[in-house]
J.: 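Before anything else, here's the structure in question.
The analysis underlying the following values was restricted to heavy atoms, covering all of them including side chains, and did not include hydrogens, waters or symmetry mates. Lettering follows sequence order; numbering is per chain, from 1. None of the values given here were measured: they were computed from a predicted structure.
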2 protein chains.
Amino acid sequence: MTQTRQRPLTLRDVSEASGVSEMTVSRVLRGKGDVSEATRAKVQAAAKKMGYVPNRIAGALASSRVNLVAVIIPSLKNMVFPEVLSGISDRLSGTGLQPVVGVTDYRPEQEEKVLFEMLSWRPSGVIIAGLEHSEASRAMLARAGVPVVEIMDTDGDPIDAAVGISHRRAGREMAEAILGQGYRKIGFLGTKMPLDYRARKRFEGFTAYLAKKGHEIVDQEFYSGGSALKKGREMTEAILTRTPGLDFLYYSNDMIGAGGLLYLLEKGVDIPGQIGLAGFNGVELLEGLPRQLATMDACRREVGEKAADIIAARCALPDPLGEDGPVITLAPMLDVGDTLRRS
Amino acid sequence: MTQTRQRPLTLRDVSEASGVSEMTVSRVLRGKGDVSEATRAKVQAAAKKMGYVPNRIAGALASSRVNLVAVIIPSLKNMVFPEVLSGISDRLSGTGLQPVVGVTDYRPEQEEKVLFEMLSWRPSGVIIAGLEHSEASRAMLARAGVPVVEIMDTDGDPIDAAVGISHRRAGREMAEAILGQGYRKIGFLGTKMPLDYRARKRFEGFTAYLAKKGHEIVDQEFYSGGSALKKGREMTEAILTRTPGLDFLYYSNDMIGAGGLLYLLEKGVDIPGQIGLAGFNGVELLEGLPRQLATMDACRREVGEKAADIIAARCALPDPLGEDGPVITLAPMLDVGDTLRRS
DNA sequence: ATGAAAGCGCTAACAA
DNA sequence: TTGTTAGCGCTTTCAT
């Protein structure tokens, strides 16, 4: 490694190299204020030649402005959050704001740590998954003095703004569709995740609707860890061995649903005649399966986009905290695919 | 939103609230230096009650120490980088270092921008995917004055340290295995990504070995965008329609390979008798498929772990740039699965 | 064990 | 259009 320089360059170095005052160099590099074309060119040439990289730490401290948006999500491993992220970064690009991602692993203590860590960099805004946070986290968010958007869920009390779907409603609508097609002996397969509040809300909405119509879930199966596709197979086999009469399987996510679908097709089960299936999320993967699994789209990209828009808009305001942000409830879209219609 | 406070709290606020000098408060909060138990307790109580969040910007400026490691990767959308990331953050946790992720979308200009942006926060180290960077990027990395680890690939010239596999060798070994099983009419299916150097190196290694043995690829098919699983189906159909005699399909990633596998099984093709298949990456998903697709593991998790270890170790050194870091070449592991043996 | 002073590299505000 | 001065909120260093 050709170590060109131990000490990073400062504005002063550029100033000396170009014979222009630090202040003017700063102006050129930020594109603010009036600078003559000649000076501008001279400074830019010098900065570029030296390979000057500004020190945002100093800049941020001096201006008390940080172009960072903290994005706090539970996981990167399941395709849903990367899509949200991509919605966020698309909309943020061009606003001068930059997303910075923190991952909580669905653990509240971890969320607290990550949040503290990120807030200590004084970001311009926070986008955080879910409405359930520890007391300490809620307090930090409320005091942070920046716009906060809670995403993915609107069943609850936002601290500030929120963008998402109602998972209770998603569960309810799925139940409605399933009963509507005449399925009655319904099994549920999900994650063993007491802290995945959104999965739980879907489950609640689902069972509540069944109950209202005088039905209930006949059997259920939970898993944790491992390859979701494989777990979907195994759970499907397990639940059908235990309760052979089931005519519908509702999976808490598309990946395990896809595993179940592949398993049942191999077994030669008539889908959706003998058994109907549905998942949740609307992941792209489904398009390549032998049958299109019924699912419900959580509008992940759109959630990210809208959240980013809210942050960007409020950061542009003179008083970003003038009033609470909006609560935007998107409508989850049922896609019956090939596995949820008996007609 | 109950806006408790407009101005974030400072050390001074905690100092006043606890009746202890700023300096001592700082010592308590950082756990450095000798502070009496009584003072410590008093300060901690005050800070906690007020909900003080330290200002790292000021801290970093004053100490010229930043506990951030910049991690720059091409994409979050394909399961490979999330695994690398999780390896990184596991190993970094406990060292006091925090990963910060930037995404380049396989675009060199974007890489340059992201890198500049991250370096402007003066991170303690950089982990960046690939060995191919623009001149400007290489210059920035070389001048950054911090350890740099280039990951995923070791076929080339690292700036400083590197951890990865040889993709040429991965391609070569796959070719060897395929020819070894007697397959001769080989088709290649990949991404239309001139900037995915690693995919290209695998391809080169693959074709070079075939050539050495007097063979060559009979047909090929490329795609871009869309659901990889679905594209895998479509490409497989396309290539076999055009060139029906193929007896092996080598896919540049497991996802399109999985799509091809599902397609061929549906068509009733004898796998691996009539046609053999192989992908690349060793993704978890494969475990749930009807047949285990042959693949080659890129050791993603391990790459992340080793890269993080290198950074952590060198950051702990008095002179992190004393000498160039190591180049660690991991051995890609061939997994023949169920689709690459005729025996 | 605690405090006081100086300054990290930049930018806001003002002066020229 | 350009330069000067005074901090931003912390930590370093040195004194007590």
Side-chain angles (χ1 to χ4, degrees), chain A residues 5-44 46-47 50 52-68 96 117 119-124 144-145 318, chain B residues 5-44 46-47 50 52-67 96 117 119-124 144-145:
Chain A
R5 187 173 287 96
Q6 196 66 261
R7 175 182 66 75
L9 296 168
T10 69
L11 258 192
R12 161 176 239 122
D13 295 314
V14 182
S15 163
E16 282 167 2
S18 62
V20 175
S21 79
E22 277 187 52
M23 194 55 233
T24 301
V25 171
S26 165
R27 283 196 268 255
V28 170
L29 266 20
R30 283 178 299 147
K32 301 258 179 197
D34 294 321
V35 181
S36 76
E37 201 36 66
T39 322
R40 176 181 310 283
K42 200 164 38 172
V43 169
Q44 270 168 344
M50 309 168 74
Y52 171 70
V53 176
N55 185 332
R56 297 261 156 140
I57 296 173
L61 183 61
S63 64
S64 40
R65 245 188 293 285
V66 179
N67 66 338
L68 264 24
E117 205 64 36
L119 288 181
S120 75
W121 288 100
R122 300 288 186 267
S124 294
Chain B
R5 187 174 288 94
Q6 195 67 261
R7 175 181 66 74
L9 296 167
T10 68
L11 257 191
R12 162 176 237 120
D13 295 313
V14 181
S15 163
E16 283 167 5
S18 62
V20 175
S21 80
E22 276 188 53
M23 195 51 237
T24 302
V25 171
S26 166
R27 281 197 269 255
V28 171
L29 266 21
R30 281 178 301 145
K32 301 260 179 194
D34 294 321
V35 181
S36 75
E37 200 37 66
T39 323
R40 176 182 308 283
K42 201 165 39 170
V43 169
Q44 271 168 344
M50 309 169 74
Y52 171 70
V53 176
N55 186 331
R56 297 260 156 140
I57 296 173
L61 183 60
S63 65
S64 40
R65 244 188 293 284
V66 180
N67 66 338
E117 205 65 36
L119 289 180
S120 75
W121 289 100
R122 299 288 187 268
S124 294

J.: Would you mind telling me which of D:dT12, C:dC8, C:dA12 lies closest to the side-chain atoms of A:S63?
T.: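 Closest of the options to the side chain of A:S63: C:dA12.
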J.: Rounded to the Å, how far apart are B:D13 CG and D:dC10 C1'?
T.: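 The answer, rounded to whole Å, is 13 Å.
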J.: At under 4.0 Å, does any side-chain N or O of A:Y52 touch on OP1 or OP2 of C:dC10?
T.: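 Yes.
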J.: Looking at A:S36, does any N or O in its side chain come under 4.0 Å of the phosphate oxygens OP1/OP2 on D:dT2?
T.: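 Answer is yes, contact under 4.0 Å.
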J.: Is there a side-chain contact between B:S26 and the phosphate of D:dC10, meaning an N or O under 4.0 Å from OP1 or OP2?
T.: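 For D:dC10, OP1/OP2 do not have a side-chain N/O of B:S26 under 4.0 Å.
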J.: Just how far, in rounded Å, is P of C:dG9 from CZ of A:R65?
T.: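 Taking atom P of C:dG9 as the reference, CZ of A:R65 is at 21 Å.
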J.: Rounded to whole angstrom units, what separation is found between the CG atom of A:L9 and the P atom of C:dC8?
T.: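 To the nearest whole Å, that distance equals 16 Å.
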J.: Starting at atom CE of B:M23, determine the distance to atom P of C:dA5, rounded to an integer number of angstrom.
T.: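 Taking atom P of C:dA5 as the reference, CE of B:M23 is at 14 Å.
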J.: Rounding to an integer number of Å, can you tell me how far B:R12 CZ sits from D:dG9 C1'?
T.: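 Those two atoms, CZ and C1', are 10 Å apart.
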J.: Less than 4.5 Å apart, side chain to side chain, heavy atoms only: is that true for B:Y52 and B:L11?
T.: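 Yes, at least one pair of side-chain atoms sits under 4.5 Å.
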J.: In this structure, how many angstroms lie between the C1' atom of C:dA1 and the CD atom of B:E22, rounded?
T.: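 So the CD-C1' distance, B:E22 to C:dA1, works out to 18 Å.
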J.: Do A:V53 and A:L9 have side-chain heavy atoms sitting under 4.5 Å apart?
T.: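 They are not in side-chain contact.
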J.: Of all the nucleotides listed (D:dT11, C:dT11, D:dG3), which has the minimum atom distance to the side chain of A:R30?
T.: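 Of the options given, the side chain of A:R30 lies nearest C:dT11.
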J.: Nearest whole angstrom, please: distance from the P of C:dG9 to the CG of B:L61.
T.: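 Checked: the CG to P distance equals 7 Å.
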J.: Counting side-chain heavy atoms from CB outward, which of C:dG9, C:dA12, D:dC10 is closest to A:A62?
T.: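 Of all the options, the side chain of A:A62 is nearest to C:dG9.
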J.: Does a side-chain N or O of B:R27 approach OP1 or OP2 of C:dT2 to a distance below 4.0 Å, or not?
T.: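 B:R27 to C:dT2 OP1/OP2: no side-chain N or O under 4.0 Å.
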J.: OP1 or OP2 of C:dG3 sitting under 4.0 Å from any side-chain N/O of B:T24?
T.: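 Looking at the OP1 and OP2 atoms of C:dG3, one of them is under 4.0 Å from a side-chain N or O of B:T24.
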J.: I need the A:I57 CD1 to B:R122 CZ distance, nearest 0.5 Å.
T.: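 Spacing of CD1 (A:I57) from CZ (B:R122) equals 7.0 Å.
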J.: Tell me what B:S64 touches on the nucleic acid: a base, only sugar-phosphate, or nothing, going by heavy atoms under 4.0 Å.
T.: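 Here B:S64 touches no strand at all.
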J.: Which residue, B:T39 or A:N55, contacts DNA chain C at a nucleotide closer to its 5' end, judged by nearest heavy atom?
T.: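 Of the two residues, B:T39 wins.
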J.: Could you go through A:S36 and A:R40, starting from their C-alpha distance and side-chain angles, then the distance that decides it, and tell me whether this counts as side chain to side chain donor-acceptor pair (under 3.5 Å)?
T.: CA-CA 6 Å; A:S36 76; A:R40 176 181 310 283; over 6 Å; no
J.: Categorize A:D34 for me: base, sugar-phosphate, or nothing, with a 4.0 angstrom heavy-atom threshold over every strand shown.
T.: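 Answer is base: heavy atoms of A:D34 come under 4.0 Å of a base.
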J.: Charged N to carboxylate O below 4.0 Å: is that the case for A:D34 and A:R27?
T.: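 Judged by the 4.0 Å cut-off on N to carboxylate O distance, A:D34 and A:R27 do not form a salt bridge.
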J.: Between C:dC10 atom P and A:K32 atom NZ, what is the distance in whole Å?
T.: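 Value for this atom pair: 17 Å.
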